[in-house]
Amino acid sequence: KKGGGISIGAPIGAPQPTPTGGPDGALDDRVNNMGQEELKIELERMMDDMNLGEGKRVPIRRLDEFTLKQMLATHFRRIEEANNVPADGDLPDGPKRGTPEFFIQELRKEVLEGESSLKTLEALRVSLQSNTIPWLKSFGAEGGLELLLNLLQKSQDRELGDVTHECVKCLKVFMNNKYGLMAMMDNTNGMLLLTKCLDPRNTTMMTEVVKILAAMSIVNEKAHQTVLEALTSFGELIAQPRFQVLMDKLKGRDEPPQLTNAIITFVNALTTFPNEVDFRMHLRNEFMNCGLREVLPDLQNLNRSVSDDELTLQISVLENNRDDDFNELTQKLGDIQAEFEDPLEVFHIVMNQSKNTDVENTILSILQHFLLIRDDPEAKPQYFRLIDDVISQIVLQKKRGRSRFQMQAFRRRRYRTNYRATN
């Protein structure tokens, strides 16, 4: 299992792709002394900053080395200017633009509307991207993360999509290091606010959030668990299974390929990190039950028609991991040869395992009670989901270190609809 950082774009305030150099000798020296590999990396960061699609990146990559270095010199100079020019209207003894104190002061104003808030967030993203870890730690120590999350929550409440998106971009950069990642995980409300940005109406922002969640899922066990808990809480808020909003986007015919690739990558990240095969299969089955089973053949056909190398890779990873886990589980169960996607075959396995044991009558009783569940089209699926949740807790309790059932969450998530249906 591989850990990793979050892939972060460069700041928004980048130069347009015109080959203009800068007079600052220090900046020019930095660019002129770059080797080929460093030049390539900085070029990609600059194009991320400009939000260029792949089609527009190709001709820029073909420019000669001198022109590329001129563009980068302009890029670095503008970042430097953004970090050092005094803010208009600041008192002489007030914080200078580009310092952590300056952004703390601006975020405390809680101005959400107009270009000023967007420019502040864009400038913050530039500074988070271009400054050192001590700068970022100073911003965090002064309460910067809490102020940024507060602004994110207010923008969500007032449905200010542009502000929300800029907050997400800032968080993405803030979390691209150990300090920022740990600070975000330790914030009780931060990850929930981030998952609430999985807005199907804004596919670009949704793609960024999914990428953040995927990267977090493979950092360590705490990060993996934090992602799961945030998605569980988000699912409760919208009264849906925790992965449903992602699987619904896979069903769309006209969704951008970047989002499709990000979602499949997230599925792979979340389902391959756990060491226990039981837990990996449990998570994968959750995705399957939310619609991945039905949409996977369509994705495979789409992949053949558009020749998307990234999608090809991710689908291959998903299928290979699924097959490997199935083989591991069959060996664990005594080399049972069966199709685990076939309900009848699974039923026969369970019955054969329990035959002439103390649990045989109990299983019969469970099946008999299944027959007595009211055939209500609204309540019946909820009852079976509740049963599935309880069984999942039983299976995973020992492996995930949980000491008791989380029945309060079950009641909140399931009983609201059931109570209305039975009264």
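Numbering of residues begins at 1 and proceeds along the displayed sequence.
A salt bridge is defined here as a Lys NZ or Arg NE, NH1 or NH2 lying under 4.0 Å from an Asp or Glu carboxylate O, and Glu294 with Lys251 fails to meet this definition. Salt bridge annotation for Glu166-Lys169: present, with a cationic side-chain nitrogen under 4.0 angstrom from a carboxylate oxygen.
Evaluation of the side chain to side chain contact (heavy atoms under 4.5 Å, CB included) rule for Ile373 yields Phe370, Lys380, Tyr383, Phe384, Ile387 as partners, not counting sequence neighbours. Remark: Glu360 pairs with no residue by the side-chain hydrogen bond (donor to acceptor under 3.5 Å, both in side chains) rule, at least two apart or across chains. Thr207 meets the side chain to side chain contact (heavy atoms under 4.5 Å, CB included) test with Lys211, Gln258, Leu259, Ala262; sequence neighbours excluded. Listed by chain and number, the residues in a side chain to side chain contact (heavy atoms under 4.5 Å, CB included) with Asp323 amount to none (sequence neighbours excluded). By the salt bridge (Lys or Arg N to Asp or Glu O under 4.0 Å) test, Lys40 pairs with no residue at all, sequence neighbours left out. Remark: Glu65 engages Gln36, Lys69 in a side-chain hydrogen bond (donor to acceptor under 3.5 Å, both in side chains) (not counting sequence neighbours). Legend: residues meeting side-chain hydrogen bond (donor to acceptor under 3.5 Å, both in side chains) with Asp162, ordered by chain and number and at least two apart, are absent. The salt bridge (Lys or Arg N to Asp or Glu O under 4.0 Å) test applied to Glu146 returns no partner, not counting sequence neighbours. For Ile363, the side chain to side chain contact (heavy atoms under 4.5 Å, CB included) partners at least two apart in sequence or on another chain are Val350, Met351, Ser354, Val359, Leu367. For the side-chain hydrogen bond (donor to acceptor under 3.5 Å, both in side chains) test, no residue two or more places apart in sequence or in another chain qualifies with Glu142.
Identified under the side-chain hydrogen bond (donor to acceptor under 3.5 Å, both in side chains) test for residues 192-203, with sequence neighbours left out: Asp199-Arg201.
Using a 4.5 Å heavy-atom threshold, the side chains of Phe103 and Leu148 count as separate.
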Show the atom names and distances, to 0.1 Å, of all donor-acceptor pairs under 3.5 Å that link a side chain in residues 180-190 to residues at least two apart or in another chain.
from, atom 1, to, atom 2, distance (Å)
Asp186, OD1, Lys222, NZ, 2.9
Asn187, OD1, Asn189, N, 3.1
Asn187, OD1, Gly190, N, 2.8

